[in-house]
There are 2 protein chains.
Amino acid sequence: MKSDPKPRRDLSTQIAHAIRDAIVEGRMIVDERLPSEAELADRFGVSRPTVREALKRLAAQSLIRTERGAFGGAFVNRLSYDETHGQQITTATLLLSMNAVSFATACEARYALEGACITLAAARRDDEHLATMRAEIARQSDPTLSDEGFCASDVAFHRALVDAAQNPVLSYQLAGAVEAMQPLMNMITFTARSRGAIIDLHTRIADAIGARDATIATAALEELAAYTLKLGKGVAAARARG
Amino acid sequence: MKSDPKPRRDLSTQIAHAIRDAIVEGRMIVDERLPSEAELADRFGVSRPTVREALKRLAAQSLIRTERGAFGGAFVNRLSYDETHGQQITTATLLLSMNAVSFATACEARYALEGACITLAAARRDDEHLATMRAEIARQSDPTLSDEGFCASDVAFHRALVDAAQNPVLSYQLAGAVEAMQPLMNMITFTARSRGAIIDLHTRIADAIGARDATIATAALEELAAYTLKLGKGVAAARARG
DNA sequence: TGCGCATAAATTGTCAGACATTTAAATGTA
DNA sequence: TACATTTAAATGTCTGACAATTTATGCGCA
């Protein structure tokens, strides 16, 4: 049997884990100040650079923040949705691009997740969410809009749809999934005709959400999912031929 | 006007960002070796410890890995679902605990997301997934099982349910959401009676998935969501009374 | 007394150089 | 050829120092 998988890690990793555990287990609370680098070095029996490497690891995960000067130091950070959002998207994007996730798989996941909150969105949407959705539809209708701009607007539209569910946990989880998929969606160069079809479906979704009709909204979303998948297959087939 | 919000960051952050961008934008590909620390220090015009701090930041995000010895160094890491899984859960867990997310909100998000994949799970499940679900139900039926053990088994059951959809992107997104919620679920001390009700619903779900009946499975899941929410409210009310 | 400014102290940020450790290639030998 | 040894390259770690930044302290002065 393998005795212990741990001790082969370098010191800075071990120290980072020790501090991380203290935070996760609640032994250190938000905004509490960690000991100074010199004291941490003393306590762990290592040098200051080693401690610093550990602290940088934690900072990279937004678990701590550092302030300079007297009474400065490292503080336990309050994780916010906004702060973790960027990391979440970076990770999800790389995960997709590095693992050759097929367009079909990504598409399926995306629309399944959106379907999870469209019922809630229909029930709870604010006028503001609706206005955002309609504004994005208007942008998408501009024929001079670039493909990248169209995709970005598409993401914004779906983001508004997700936010309309008024559940921050859902928004957080879905934002990563939807936005990470944008590079994949960009592979589909939208023709004028397919843009029109997508805008039509977006409009039906927005209308249904506006009327608080979850059934129609869900149906339109499913149609959009099927259509997007078909577009993706078309592009893949064209590539295979050419 | 604020001239530039960037340059106030320390050197190791700047360097980490520069390298991260190179990876994200595809200028460095998976398994490509970065220059040695000494050479990076030369190129960026900083000292080796500063470069090392930057590399540790990237390592904390699993963007690179380092190997010792001759021909060792830092390599662009292929992000895998497994590797990012732990980070995802840590982040999501802290996000929930540090932002006072209500049990109701978390619960709603969790079951909404699970509902997103239960239809797929019913259509695609393997015998293996079904076996895992039934095994967890058996564990849950053991009256000597601790509350923590029951919650862990509950998570494993739902994990199997999610995996049954056979979509790695969905599994990745949902694993974080479901597992992050375990500490919140632990707040509910399950009585023998509520355990029985939960096991009954789990059994109905497993049976429906086994029969590939998405409608019944969805209905049972919704019932479970409502029941869990009720339990949570009961605990909250009991606390409020004192 | 009360105000303002210089000073000190604490802490992180950065640097330079050194040594230890690990790993694989190169070399030498039977 | 096969195996042991040496060597080189790289990361891991330590020591000590100095720079930059921020707050508190204390002093002088009105």
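No hydrogens, no waters, no symmetry mates; every other heavy atom, side chains included, goes into these values. All figures in this text were calculated on a predicted structure; none of them were measured in a lab. The sequence lines fix the lettering, A, B, ..., with proteins before strands; numbering per chain opens at 1.
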Could you state the [atom1]-[atom2] distance from [X] to [N], rounded to the nearest angstrom?
X: Glu67(A); N: dA10(C); atom1: CD; atom2: P; result: 18 Å
X: Asp10(B); N: dT21(D); atom1: CG; atom2: P; result: 12 Å
X: Phe75(B); N: dA10(D); atom1: CZ; atom2: P; result: 10 Å
X: Lys56(A); N: dT13(D); atom1: NZ; atom2: C1'; result: 18 Å
X: Leu58(A); N: dT12(C); atom1: CG; atom2: P; result: 14 Å

Item to check | Over 12 foreign heavy atoms within 6.0 Å of CD, Glu67(A) | outcome: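 Counting other residues, nucleotides and ligands, CD of Glu67(A) exceeds 12 neighbours.
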
Next on the checklist: Using a 3.5 Å distance criterion without hydrogens, assess whether the side chain of Asp142(B) forms a donor-acceptor pair with backbone atoms of Thr144(B).
Outcome noted: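 Flag set: sc Asp142(B) to bb Thr144(B) pair under 3.5 Å.
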
Item to check | Closest heavy-atom pair and its distance - Ile64(B), Leu55(B) | outcome: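 Where Ile64(B) meets Leu55(B) most closely, the heavy atoms are CD1-O, 3.4 Å.
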
Checklist entry - Side chains of Asn167(A) and Thr105(B): do they bring a donor and an acceptor to under 3.5 Å? => result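 Side-chain D/A pair, Asn167(A) to Thr105(B): absent.
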
Checklist entry - Can a donor-acceptor pair be found between the side chains of Ser80(B) and Asp82(B) at a distance below 3.5 Å? => result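 Ser80(B) vs Asp82(B): no donor-acceptor pair found between side chains.
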
Could you list the protein-to-nucleotides 22-24 of chain D atom pairs, N/O on both sides, closer than 3.5 Å?
residue	atom	partner	partner atom	Å
dT22(D)	O2	Ala70(A)	N	2.9

Next on the checklist: My understanding is that only one of Arg139(A), His158(A), Glu148(A) makes a side-chain contact (heavy atoms from CB on, under 4.5 Å) with Ser153(A); could you say which?
Outcome noted: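 Option passing the side-chain contact (heavy atoms from CB on, under 4.5 Å) with Ser153(A): Arg139(A).
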
Checklist entry - For DNA chain C, what residues of residues 48-55 of chain A have any heavy atom nearer than 4.0 Å? => result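 Here the set is Arg48(A), Arg52(A).
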
Next on the checklist: Any residue in residues 32-46 of chain B with a heavy atom nearer than 4.0 angstrom to DNA chain C? Just list them by number, or reply none.
Outcome noted: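 Gly45(B), Val46(B) - these, ordered by number, are the residues of the stretch whose heavy atoms sit under 4.0 Å from the strand.
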
Item to check | Pair Arg125(B) + Asp127(B), salt bridge at N-O below 4.0 Å | outcome: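 Yes.
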
